[in-house]
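Computed from a prediction, not measured in an experiment: that's the story for all the values here. Indexing begins at 1, ligand by ligand and atom by atom, following the structure's order.
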Amino acid sequence: MLLIPYPNGEVIQNPGLFVLGNAFSIAITKDTFGFASRQLKSWLTDTCNLTVTLAEPGHSSSIQFRESSGKLPKEGYSIYVSSTGCMLEAESAVGAFYAVQTFKQLIDARNGTIPCCEIHDSPSFSWRGLLLDATRTFCPLPEMFRLLDLASSLKLNILHWHLTDDQGWRLAIDGYPNLTNSSPQFYSKEDVRKVLSYASERNITIIPEIDMPGHFIAALASYPQFSCTGGPFSIPQGEGIFSELLCLGKEEALIFAKSVINEVCDLFPAPFIHLGGDEIPLIRWKECSDCQKKMKELGLKEEKELLRWFANTMAHVAKEKEKTIIFWDDSIDEHYDPSIVCQIWNPLRNERKTVGKRSLIMSNYFYTYLNLSHSIIPFRAAYRYGALLNGKTNRRSNIMGGEFLLWTEDIHTRKERDKHLFPRLVAGAETLWTDPSRLDWKRFSKSYKMCNERLFTSIVAQTRPFFANPPRLYCKIRRYLEYRRVRKNSKKSGITKL
Ligand code: ACM
Ligand code: ZN
């Protein structure tokens with residue numbers, strides 16, 4: 001059967017069909033399945049032109065939801081289709097929602113039939129994410145909702161929301177109202193609550209990222225007193241790695257960091273907060289008398305120890321709010337607090353050194369950076385990421401899952417967004433949901449062709465097959481040149497040792 005992401009359990013196709021009548025009802029057996037059944041009702045009404053009513057629990061109906069009572073994992077579900085009816089079984093609202101995502105793909109909308117079958121499914125990884133950089137290019141709420149719909153239809157369950165960077169601070173913070181002065185568009189707390197509620201119904205946890213102590217110019221433009229030099233600062237145009245950091249030698253700058261973390265922890269219900277920590281040239285701290293004094297007080301010899309002290313201190317602040325911090329892998333070593341989750345991205349870093357026993361989120365540059373051209377990360381490479389993760393998972397059990405990333409320095413419109421995400425995000429989603437032993441590129445490509453137009457009705461563009469999978473030699477050359485470009489930029493910015 002052609003399904004995306006392919007089920008991670010038994011798929012049995014039986015002879016015969018269930019024919020959707022022109023007037024039928026869906027039975028809901030439990031309040032928590034209400035959202036899933038309403039979603040299915042809208043789909044059947046809008047896409048299959050059927051008249052659908054929702055029946056009260058206990059009434060007979062051609063499509064039923066049933067609670068599995070402890071049989072299935074939280075995100076798992078089973079689907080049973082016979083010629084007389086369909087049963088969607090799940091443990092929780094999440095499982096029911098995912099059952100609906102699969103069920104939609106079973107329906108042949110042209111003639112309203114469903115093949116008789118049995119499907120048992122639950123995810124391979126618990127962390128299945130999309131990173132959206134809403135900083136370089138702001139993402140308005142309707143577009144956020146559209147992306148959440150697309151991501152959830154692919155059974156992704158994490159939206160990593162990159163909210164602050166050199167080029168913008170996109171989140172209102174009550175304690176420091178001037179932070180958003182440098183950003184004409186930003187999210188109010190009310191906006192965030194709307195996104196959280198929309199995401200939560202679709203089983204998506206929103207992970208806020210507040211990038212510190214680097215990638216920080218937008219904050220310093222409003223509060224130059226938190227810098228080493230005192231500023232003034234202006235928002236940089238275009239991409240780059242910049243030297244300006246939060247000054248860790250100034251008490252008010254540390255109070256700032258703690259207050260922001262506390263406020264963000266209170267706003268977002270996720271048990272994690274991402275604090276960035278990537279691409280940090282240490283030159284300003286080296287030259288700053290306040291930072292040097294702080295290092296002396298703490299008995300630290302090198303600036304990279306100051307960075308580690310900052311991460312560990314902030315991990316403690318987050319812990320008091322019962323949250324765990326996530327840090328990019330640039331500087332992480334075994335002396336970082338063991339609770340800190342490490343997100344792997346950096347193509348210049350030897351991954352083995354970073355990891356230790358801590359939990360990991362995988363987002364390797366040459367597989368998951370969907371802002372890069374398809375000639376650097378072709379469609380097939382996004383799919384191959386599953387096999388790579390499997391190899392690593394066999395050796396290490398601390399991999400929580402992975403993310404596919406959309407940085408937006410060069411991506412400004414819905415069309416550009418969709419062209420970068422599609423088709424690669426679909427491949428990526430399957431590699432995070434489906435166990436690598438069940439991945440099959442040929443089946444997947446066929447499924448993608450079949451599902452594509454029916455499933456992703458909101459996409460306005462996608463990269464066509466030939467351009468999505470350019471010739472291998474060409475890709476190899478492009479990847480090599482990209483690697484050199486990243487290395488050169490790191491050197492130029494003063495990050496000599498990674
Ligand atoms: C990153 O791309 N600097 C995480
Ligand atoms: Zn300083």
Side-chain angles (χ1 to χ4, degrees), residues 129-133 135-136 160-167 207 209-217 219-220 223-231 233 239-254 256-257 274-298 300 303 305-307 309-310 326-332 341-349 351 354 360-372 376-377 402-411 482-483 485-487 489-490 493 495 498:
L130 166 66
L131 175 146
L132 178 68
D133 171 8
T135 305
R136 277 56 173 259
H160 173 164
W161 206 4
H162 187 75
L163 287 165
T164 72
D165 212 297
D166 295 305
Q167 295 86 349
I207 307 296
E209 182 183 352
I210 307 295
D211 209 336
M212 291 194 233
H215 285 281
F216 204 66
I217 295 177
L220 297 179
Y223 293 96
Q225 64 269 37
F226 302 152
S227 71
C228 291
T229 62
F233 302 98
E239 70 166 346
I241 303 171
F242 305 98
S243 310
E244 312 306 336
L245 308 180
L246 181 74
C247 174
L248 301 193
K250 298 192 173 71
E251 201 47 40
E252 57 178 346
L254 290 171
F256 165 85
H274 203 304
L275 287 187
D278 56 322
E279 297 180 317
I280 301 179
L282 297 166
I283 176 91
R284 289 285 179 266
W285 289 354
K286 253 190 185 75
E287 292 169 352
C288 169
S289 56
D290 293 328
C291 285
Q292 292 301 317
K293 193 164 153 244
K294 183 82 183 177
M295 283 170 59
K296 244 197 198 132
E297 271 169 37
L298 295 168
L300 307 176
E303 288 72 26
E305 295 172 69
L306 187 60
L307 177 58
W309 170 82
F310 176 74
I326 307 172
F327 234 49
W328 295 106
D329 63 335
D330 299 54
S331 58
I332 289 192
V341 174
C342 174
Q343 181 160 7
I344 305 277
W345 79 276
N346 200 316
L348 304 181
R349 191 166 159 85
E351 197 186 294
T354 62
L360 298 178
I361 297 163
M362 307 299 289
S363 52
N364 296 62
Y365 190 81
F366 283 109
Y367 289 89
T368 69
Y369 271 52
L370 300 188
N371 49 295
L372 296 176
I376 299 170
I377 303 179
E403 288 181 12
F404 286 79
L405 280 47
L406 193 70
W407 301 101
T408 56
E409 285 97 335
D410 301 315
I411 295 174
E482 177 63 14
Y483 180 81
R485 188 188 73 81
V486 172
R487 206 173 53 179
N489 280 357
S490 284
S493 68
I495 307 175
L498 277 168

Exercise. Which atom pair, heavy atoms only, marks the closest approach of His162 to Asp211?
Worked result: CE1-OD2, 3.6 Å
For this session: Using distance alone, with no hydrogens and no angle criterion, decide if Asp330 and Asn346 have a side-chain donor and acceptor under 3.5 Å apart.
Result: yes
Problem set entry | Any residue meeting ring pair (Phe, Tyr, Trp, His ring centres under 6.0 Å) with Tyr223, in chain and number order, not counting sequence neighbours | Tyr176, Phe226
Problem set entry | Atoms of type N/O/S from protein, distance to the Zn ion (ligand 2) below 2.8 Å | 4
Exercise. Judged by modelled atom types alone, do Glu403 and Gln343 share a side-chain donor-acceptor pair under 3.5 Å?
Worked result: yes
Exercise. Tyr365 versus Leu372: any side-chain heavy-atom pair under 4.5 Å?
Worked result: yes
Exercise. Judged by modelled atom types alone, do Trp328 and Glu209 share a side-chain donor-acceptor pair under 3.5 Å?
Worked result: yes
Exercise. Is it true that a side-chain atom of Asp133 and a backbone atom of Thr135 form a donor plus acceptor pair closer than 3.5 Å?
Worked result: yes
For this session: Among Leu131, Asp329, Leu405, Ile344, find the residue that satisfies the side-chain contact (heavy atoms from CB on, under 4.5 Å) test when tested with Ser363.
Result: Leu405
Quick check for students: name every N or O atom pair between ligand 1 and the protein closer than 3.5 Å, with distances.
| unit_1 | atom_1 | unit_2 | atom_2 | d |
| --- | --- | --- | --- | --- |
| ligand 1 | 2 (O) | Tyr369 | OH | 2.6 |
| ligand 1 | 3 (N) | Asp278 | OD2 | 2.6 |
| ligand 1 | 3 (N) | Glu279 | OE1 | 3.3 |

Problem set entry | ring pair (Phe, Tyr, Trp, His ring centres under 6.0 Å) partners of Tyr367, counting only residues at least two apart | Tyr385
